[in-house]
Amino acid sequence: MLAQIGVLVAVVAGVSAQATAPAWGQCGGVGWTGPTLCIPGWTCVLSNYWYSQCLQGGPSTTTTSSTPVTITPSSKSSSTTAKPTTPTTIKPTTTKPSTTSVPPTSAPPTSAPPTGTASAGPLGPTLLPGNLWVRAVEAPNFHKYLQSSVSGTASSAVFGDYTTAAQIQLVNGQVVQQLSGGKVLYLNVNTSGVASGATYLPTFFAATPNPTGTFAFQGDGLTWTATGIPRQNIGAFLACGTGVPGVYINLGAYAYMTPAGCADETLNYYNGATAVP
Ligand SMILES: *[C@@H]1O[C@H](CO)[C@@H](O)[C@H](O)[C@H]1NC(C)=O
């Protein structure tokens with residue numbers, strides 16, 4: 001199975017690396033499934049939410065070392081009716097994500113907990129000071145929460161139900177799941193597929209810190225960057241698998257050549273008092 005995925009993603013990567021949009025061509029926008037890179041000497045510029053276009057000038061985009069940022073509307077408000085949003089990829093003016101942006105850690109909830117709130121989870125239904133929920137914000141995994149596949153234990157990372165959402169802290173570039181008794185688990189990225197051309201990488205929770213790369217919040221969106229592992233969109237994740245899908249790092253562009261069996265996702269933090277569906 002893994003070998004098949006490896007072959008598949010290697011083929012996909014080969015095609016993806018060559019696809020460039022022509023001069024003045026479309027290179028992004030909600031629903032766009034064509035190329036997201038422009039020919040050398042042209043830059044993909046966000047025009048609006050629905051349309052990005054190749055404009056003359058700027059650095060060549062034929063390499064994949066650029067790290068476009070993901071624009072996602074803020075979703076840390078306490079609204080429970082927010083619609084899923086699809087981010088638009090644009091070329092950044094700076095290629096490094098901010099690593100100094102720290103989410104609020106002690107902001108009080110802005111509204112009373114809604115009914116039907118979480119009843120379980122490693123640290124219970126109420127967000128403890130300094131912790132965050134981290135959740136997907138796109139269908140079909142809208143408001144599925146980052147957690148261990150076996151709740152509160154070292155196991156693969158999944159998009160799971162709000163009732164078992166993990167409480168998370170971002171510490172020194174690590175996504176740290178808080179457990180009772182002061183224990184923690186770290187979100188790790190399995191980078192072993194990079195050498196063979198994998199375009200998406202599985203993640204899992206382990207007792208030891210993630211040795212590769214840095215997690216950060218850009219706005220309220222979770223990003224991951226690692227030296228030597230180029231990403232087209234540092235906030236692009238994938239939900240892969242049936243049932244409770246696994247959390248994967250997408251090394252390719254958001255919503256472009258999505259691997260079979262996967263759905264594109266971005267992950268946002270949420271600091272409401274309780275995880276909500
Ligand atoms: C990482 O993935 C490879 C397959 O690509 C697997 O053999 C290995 O056990 C995984 N490592 C961890 C720590 O999960």
Side-chain angles (χ1 to χ4, degrees), residues 1-17 64-65 67 121-122 134-136 141 144-161 164-179 183-216 222-267:
M1 179 61 179
L2 285 173
Q4 289 170 335
I5 291 174
V7 170
L8 174 64
V9 296
V11 170
V12 168
V15 173
S16 168
T64 55
S65 60
T67 51
V134 176
R135 63 188 184 183
N141 297 292
K144 293 294 172 62
Y145 287 73
L146 178 64
Q147 56 195 271
S148 299
S149 60
V150 181
S151 187
T153 68
S155 53
S156 58
V158 295
F159 294 99
D161 196 76
T164 46
Q167 302 209 16
I168 301 289
Q169 291 182 20
L170 190 77
V171 184
N172 294 329
Q174 302 278 336
V175 170
V176 187
Q177 181 181 171
Q178 309 296 308
L179 305 178
K183 293 200 172 75
V184 297
L185 293 170
Y186 301 89
L187 184 61
N188 276 237
V189 181
N190 185 342
T191 58
S192 67
V194 171
S196 53
T199 60
Y200 57 117
L201 307 174
T203 67
F204 58 98
F205 281 102
T208 51
N210 181 29
T212 310
T214 303
F215 285 102
L222 184 66
T223 66
W224 179 77
T225 52
T227 304
I229 305 179
R231 299 193 64 193
Q232 295 188 40
N233 185 318
I234 60 175
F237 290 82
L238 291 166
C240 303
T242 53
V244 180
V247 177
Y248 289 74
I249 300 279
N250 181 6
L251 300 179
Y254 182 89
Y256 177 60
M257 301 189 98
T258 306
C262 300
D264 292 276
E265 296 292 344
T266 57
L267 285 169

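Ligands are counted one by one from 1 in listed order, and the atoms in each one are counted from 1 as well. Index from 1, following the sequence. Model, not experiment: these values are computed from the prediction.
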Answer whether the closest heavy-atom distance between the side chains of [X] and [Y] falls below 4.5 Å.
X    : Y    : answer
L238 : D264 : yes
L201 : N190 : no
L251 : I249 : yes
I168 : Y145 : no

(message) Taking only non-hydrogen atoms of G193, do any sit less than 4.0 angstrom from ligand 1?
(response) no
(request) Can you sort out which atoms of ligand 1 are near S192, meaning under 4.0 Å from one of its heavy atoms? (result) 1 (C), 2 (O), 3 (C), 4 (C), 5 (O)
(message) Which of the numbered atoms in ligand 1 are under 4.0 angstrom from any heavy atom belonging to N190?
(response) 1 (C), 2 (O), 3 (C), 8 (C), 10 (C), 11 (N), 12 (C), 14 (O)
